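Below is one structure, written out as structure tokens, with a few remarks after it.
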Amino acid sequence: MKISQDFVEELKFRNRIEDVVSGYVTLKRAGSNLTGLCPFHSEKTPSFFVSPVRNTFHCFGCGVGGDVITFVMRTENLDYISAIETLAKRVGMEMPADTSDRKNELVRRGRIYDMNKCAARFFNSSLSGEDAVPAREYLQKRGLTSLAVKRFGLGFAPPKFDALRNHLRSEGYRDEEAKEAFLCGKSERTGNYFDLFRNRLIFPIIDNFGNVIGFGGRAIDDDTQPKYLNSSDTPVFKKSLNLFALNYARTACSEYMILCEGYMDTIAMHMAGFTNAVATLGTALTTEQARILAKYTKKVVLSYDSDEAGVKATKRAIPILADVGLEVKVLQINDAKDPDEYIKKFGADKFRMLVEGSRSKLDFLCDSVMKKYDISVPDEKIKASNELCEQTAAIYSDVERDVYIARIAEKLGISAAGFRNDVDRLRRRNTKKEDAQRTDRIIAQTMGFGDRVNRERSSNVKAARAEEAVLGIILTYPEMAVKVKNGDIALTVDDFVTEFNRRVFAAVISDDGGTDLGMLSQIFNVDEISRIQSMMEGRADLNRNDEKTLIDNINALHDAAEIKSEQDDIAATMKLIQKKKNNHT
């Protein structure tokens, strides 16, 4: 679907980038710009800048950038049109008339939603079948009522290889569609399609709009591996961007959310009245999931299992949640292996008291370290101190770090001043290491090593630099683009050496693209837009971006291209000579 430039300009005018970004990032004034912690990578020192004047954003840490449309595409994992729709809805603008391409995509996604709903109904009805007796016995053993089964739409995948497939085919869905939705697989040996979920208890995953977007399946037989099978990413589902039961939890109006380890714990909590419980979807907690939680609450209570794996998962989750500004508490469960068992043994009221008395992340981290060491032994105390020193050094807040230092020193029976010196020393070392890594990353980016956007850059560094300077000027100053387009300044697509920059130039001088990032986002993906925006960023603060500077860079590009051509000619000649030598031997 093509969106007109007039509509894009009006959309961006109404959706000022500082207003939209501030809904995700705490911004502070820094001269004419606004700065904050980047929402796209973990960092302690702000490197994310928003320019209200240019209506753009740029992170000097990870390199992402763009305009308000690109920002929404990244943060919400949306395609271009969906981001446009989101921003239009935000300010009450009516979307332009639909076209065939967009309709085709909507039809495709709509069929997957409908197919998932069809599959969920099939699984649910199969739960009452003869094959599902072990599944019903398992649910009864876990204490799940028929009300819980109905509320969460639980079901059963029959043990046959083609039960769901045959049902979907009878409803008019093709095997290829079922494979795309991760409901069926295809045998490489025979080419036959088969059900991916077999002999499993099924947990439908539902988004905030009531759509069934994926499934989780628990094996009924404990010998079956994997124990849990979850939908892979599909056109309507990305597991790192969703949480189980969020469709209920987000409306619970609670001051906190409980983050569980699995489906059963979450359902048990909802049954006990804790409708603010959610779970990750078969993966470790992601930064994206933490940002989703931060939209709906300010505090998260971690309720993972108390075994070694659960403790590791808790330690990993704490900094991820803290980095997005969430207060973190850790649930300590005694006399039970998980929340489900605890609620069954002691009841919901006792569990509520347990939740409300959750440990702070400081107490959890201290206790988990203290359990490993006998601090009455000097060597063991030093090891405990070193481990806690690393955790304390990673804390960004000065006040929070001071509290940690005082409490840890007290628990270990050591000098707070000495522990602080160790923490400060480690922070300085970590800062130097981060600076060195950042420098190495900048050098690698400059030289084009590992460049996934412009893969030809590393072998054409001089030409690529000249191309980026040229593109930076004509992107930042549209009047220059007009002169190039009209032929007043001699520059053509054939002057460009690297394919990516050639594509950018072609888009800029075309009638459909232009110099507006919002229009270019229809043609380029978010990583490519970040690169285009960085070209503009590289010119914005320079004193000279006039026509002479543009022509000088065009001449530099011509020189680099000639050198490259000569090198190619030499390489071709050497290859021909070697070929003739080989023919004579």
Side-chain angles (χ1 to χ4, degrees), residues 42 227-228 230 239-240 242-246 249 254-269 274 276-294 296-343 351-373 383-384 386-397 400-401 403-404 407-408 411:
S42 295
K227 182 179 178 181
Y228 280 94
N230 297 284
K239 65 179 67 177
S240 65
N242 289 279
L243 292 158
F244 179 69
L246 182 64
S254 177
E255 65 179 20
Y256 62 88
M257 279 194 180
I258 303 172
L259 182 59
C260 304
E261 198 164 351
Y263 303 113
M264 293 302 297
D265 282 343
T266 305
I267 294 174
M269 288 194 187
F274 300 93
N276 54 338
V278 297
T280 53
L281 300 168
T283 61
L285 179 71
T286 66
T287 302
E288 292 87 352
Q289 289 168 330
R291 291 195 195 105
I292 292 170
L293 287 168
Y296 301 107
T297 188
K298 295 298 181 185
K299 182 166 71 174
V300 170
V301 177
L302 283 167
S303 178
Y304 289 171
D305 290 352
S306 55
D307 58 13
E308 184 179 352
V311 171
K312 284 183 178 179
T314 301
K315 286 183 177 179
R316 183 185 178 280
I318 286 173
I320 294 174
L321 294 166
D323 280 349
V324 299
L326 287 164
E327 180 185 349
V328 184
K329 296 282 189 178
V330 181
L331 188 65
Q332 182 176 13
I333 299 177
N334 298 318
D335 305 320
K337 66 180 180 67
D338 56 36
D340 185 19
E341 183 179 296
Y342 188 94
I343 291 171
F351 185 75
R352 180 171 282 102
M353 293 173 62
L354 200 66
V355 172
E356 292 173 353
S358 299
R359 291 179 294 173
S360 69
K361 60 183 179 183
L362 167 61
D363 289 330
F364 168 79
L365 292 171
C366 284
D367 291 348
S368 64
V369 171
M370 299 290 240
K371 286 179 182 177
K372 293 168 57 178
Y373 304 104
K383 289 179 181 178
N386 289 339
E387 189 167 330
L388 288 168
C389 182
E390 289 183 8
Q391 294 173 353
T392 308
I395 298 170
Y396 176 68
S397 167
E400 188 178 356
R401 196 165 57 251
V403 172
Y404 266 60
R407 290 282 298 279
I408 291 171
K411 283 178 176 287

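Excluded from the calculations below are hydrogen atoms, water molecules and symmetry mates; all remaining heavy atoms, backbone and side chain alike, are included. Index from 1, following the sequence. Note that the coordinates shown come from a computational prediction; the quantities given were computed from them, not determined experimentally.
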Less than 4.5 Å apart, any side-chain heavy atom of [X] and any of [Y]?
| X | Y | answer |
| --- | --- | --- |
| K411 | D363 | yes |
| M269 | P339 | yes |
| N276 | I258 | yes |
| V278 | L259 | yes |
| I318 | V330 | yes |

Legend entry - side-chain hydrogen bond (donor to acceptor under 3.5 Å, both in side chains) contacts touching residues 310-322 (sequence neighbours left out): none

Partners meeting salt bridge (charged side-chain N to carboxylate O under 4.0 Å, His left out) with [X] (sequence neighbours left out):
| X | answer |
| --- | --- |
| K298 | none |
| K329 | none |
| D340 | R142, K344 |
| K371 | none |

Legend entry - Spacing of I333 atom CD1 and I343 atom CD1 [to the nearest 0.5 Å]: 8.0 Å

Inset, instruction - Measure the CG-CD distance between N242 and Q289 for me, rounded to the nearest 0.5 Å. - result: 8.0 Å

Inset, instruction - State which residues pass ring pair (Phe, Tyr, Trp, His ring centres under 6.0 Å) with F244; sequence neighbours excluded, sorted by chain then number. - result: F152, Y263

Inset, instruction - On the 0 to 90° scale, with breaks at 30° and 60°, tag the F351-F274 ring pair as parallel, tilted or perpendicular. - result: perpendicular

